[in-house]
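Notes follow the structure.
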2 protein chains.
Amino acid sequence: MIFTTKAEYGVRLMVELGRQSGARTATSLKVIAESEALPLAYLERIVALLKKAGLVESTRGAHGGYRLSRSPEEITMDDVILALEGSVAPMNCFVDDTDGSSRVLCSHEADAGQGCATKLLWMRVQGGVMEKLQQTTLAELVAFSHRENTPPPTERENLTHA
Amino acid sequence: MIFTTKAEYGVRLMVELGRQSGARTATSLKVIAESEALPLAYLERIVALLKKAGLVESTRGAHGGYRLSRSPEEITMDDVILALEGSVAPMNCFVDDTDGSSRVLCSHEADAGQGCATKLLWMRVQGGVMEKLQQTTLAELVAFSHRENTPPPTERENLTHA
DNA sequence: TTCAATCCTACCAACGGGGTCGGAGATGAA
DNA sequence: TTCATCTCCGACCCCGTTGGTAGGATTGAA
């Protein structure tokens, strides 16, 4: 499994906020939890990650809630996933650097005096994942989830990316 | 973490067998375990997966061991990883079908009567991973791990894929 | 002042990952 | 024939992480 439910729930939460993006009032977690059938207490911890990353803003107190810091078009999913999962590494020995340029720390490398046989593969895979995440905006997911409500004529073309 | 140590160890094992690809005698697990500093008993279980997938052949008894079923050039890493990990799914609700065409079974989809907001994203990510795996052959990894022994002049160009 | 929200910390059960152990069947060499 | 190696196979086990709960403190609108 590449991602945990943090990513699943967090992305759904972001999409939900993206839908309300035009609204003036903030959206409470309670509403989102009910509409997505997710545990509220768990969502609280997840949204904290998104807030710390500056992706959402909050207002406390009655009638408070959350809203996006930027417009959905300006939010790419690599920011979201990185905020939620911490990093996207193919293997333990791969540690993402915070600035995005993934640095490779492979403990096996120094061991036998020979190169890490899997390094090339993991680099490519990680590159492939990050590429797809960067290419996908929150706005796309919002539009896609809308379209899914009414059975679309040709949906498959959206799945493959240019 | 995208992959478990099954993938890490299994790929290293395959690379090791790929190095011995020309040899007439089979390579015993014990030799591989020692040269890669991996637990032998665990390797036994891992290589069983590779054998079941038809990627390696074995001969039992004294002086037995394992060898590749095909030449390293003919082995793409998607076969190897799928044999080791069972599937490469971004999320629980994604179930790969055995024939390669990944079928999507998302439990949330039927729930609220609305489309799965994350479906588009997970499809793209999975596609990105599978693409990279298919593009990489075992022969490449063998060559790469050789080159790493003697510090290469320009190694970075190998990491980015066309 | 009351109620609804965000916030924050501690706690916990279950599961899967990452092994270990012991033995049982081949099989070539001494 | 016996022995040293191998592959094979199932049971077992430790432990960290995941996924989630409990309970409260703080904030702010009505």
Side-chain angles (χ1 to χ4, degrees), chain A residues 1-13 17 20 24-34 36-53 55-67 69 84-87 89-93 107-108, chain B residues 1-13 17 20 24-34 36-53 55-67 69 81 84-93 107-108:
Chain A
M1 223 58 59
I2 300 182
F3 302 113
T4 68
T5 57
K6 278 199 186 68
E8 175 77 24
Y9 295 175
V11 169
R12 298 166 88 86
L13 195 155
L17 291 181
Q20 316 291 334
R24 195 165 308 276
T25 73
T27 309
S28 78
L29 273 196
K30 191 182 174 192
V31 169
I32 295 179
E34 284 172 354
E36 294 277 338
L38 302 177
L40 173 61
Y42 193 33
L43 265 192
E44 288 182 356
R45 289 198 349 210
I46 290 173
V47 79
L49 299 171
L50 295 170
K51 188 187 176 183
K52 194 165 63 181
L55 291 167
V56 304
E57 294 168 349
S58 67
T59 59
R60 305 185 61 171
H63 296 89
Y66 295 90
R67 77 191 70 78
S69 302
L84 291 166
E85 296 283 344
S87 71
M91 191 56 49
N92 295 333
C93 54
S107 60
H108 307 286
Chain B
M1 225 59 59
I2 299 181
F3 302 113
T4 68
T5 58
K6 277 200 187 73
E8 175 78 23
Y9 296 175
V11 170
R12 298 165 90 84
L13 195 155
L17 291 182
Q20 316 292 333
R24 196 164 309 273
T25 75
T27 310
S28 78
L29 272 196
K30 191 182 175 190
V31 169
I32 295 180
E34 282 172 355
E36 294 276 339
L38 301 178
L40 173 61
Y42 193 32
L43 266 193
E44 289 181 354
R45 292 203 343 214
I46 290 172
V47 81
L49 300 171
L50 295 170
K51 188 186 177 186
K52 194 164 62 179
L55 291 166
V56 304
E57 294 168 348
S58 66
T59 60
R60 305 184 64 169
H63 297 86
Y66 295 89
R67 79 192 68 78
S69 302
I81 296 296
L84 292 166
E85 296 283 345
S87 71
V88 179
M91 189 57 50
N92 294 333
C93 54
S107 60
H108 307 285

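Residue numbering restarts at 1 for every chain, and letters A, B, ... go by the order of the sequence lines.
For the pair Tyr42(A) OH and dT18(D) P, the interatomic distance rounds to 8 Å; values are reported in whole Å. Rounded to whole angstrom, the span from the CZ atom of Arg67(B) across to the P atom of dC6(D) amounts to 14 Å. Following rounding to the nearest Å, Leu40(A) (CG) and dC7(C) (P) show an atom-to-atom distance of 12 Å. Summarising the geometry, the separation between CG on Leu43(B) and C1' on dC6(D) is reported as 14 Å, rounded to the nearest angstrom.
In this structure, the separation between CG on Leu29(B) and CG on Leu13(B) is 6.0 Å, given to the nearest 0.5 Å.
Residue Thr4(B) places none of its side-chain N or O atoms closer than 4.0 Å to OP1 or OP2 of dG17(C). Tyr66(A) has no side-chain polar atom (N or O) that falls below the 4.0 Å cut-off from OP1 or OP2 of dA5(C).
With sequence neighbours excluded, the residues satisfying ring-ring contact (aromatic ring centres under 6.0 Å, His included) with Phe3(A) are Trp122(B). Contacts of Arg60(A) classified as salt bridge (Lys or Arg N to Asp or Glu O under 4.0 Å), with partners at least two apart in sequence or in another chain: none. Residues passing the salt bridge (Lys or Arg N to Asp or Glu O under 4.0 Å) test with Arg45(A), sequence neighbours excluded: none. Applying the salt bridge (Lys or Arg N to Asp or Glu O under 4.0 Å) rule to Glu34(B) yields no partners; only residues at least two apart in sequence or on another chain are considered.
In this structure, Lys52(B) reaches neither bases nor backbone, as no heavy-atom distance under 4.0 Å exists between it and the strands shown.
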Output a table of nitrogen or oxygen pairs between the protein and nucleotides 2-5 of chain D separated by less than 3.5 Å.
| residue | atom | partner | partner atom | Å |
| --- | --- | --- | --- | --- |
| dT5(D) | O2 | Ala62(B) | N | 3.2 |

Enumerate all atom pairs, one protein N or O and one N or O from nucleotides 8-16 of chain C, separated by less than 3.5 Å.
| residue | atom | partner | partner atom | Å |
| --- | --- | --- | --- | --- |
| dC8(C) | N4 | Glu44(A) | OE1 | 3.3 |

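Residue side chain Arg60(B) does not reach the base of dT27(C) through any donor-acceptor N/O pair under 3.5 Å, judged by distance alone.
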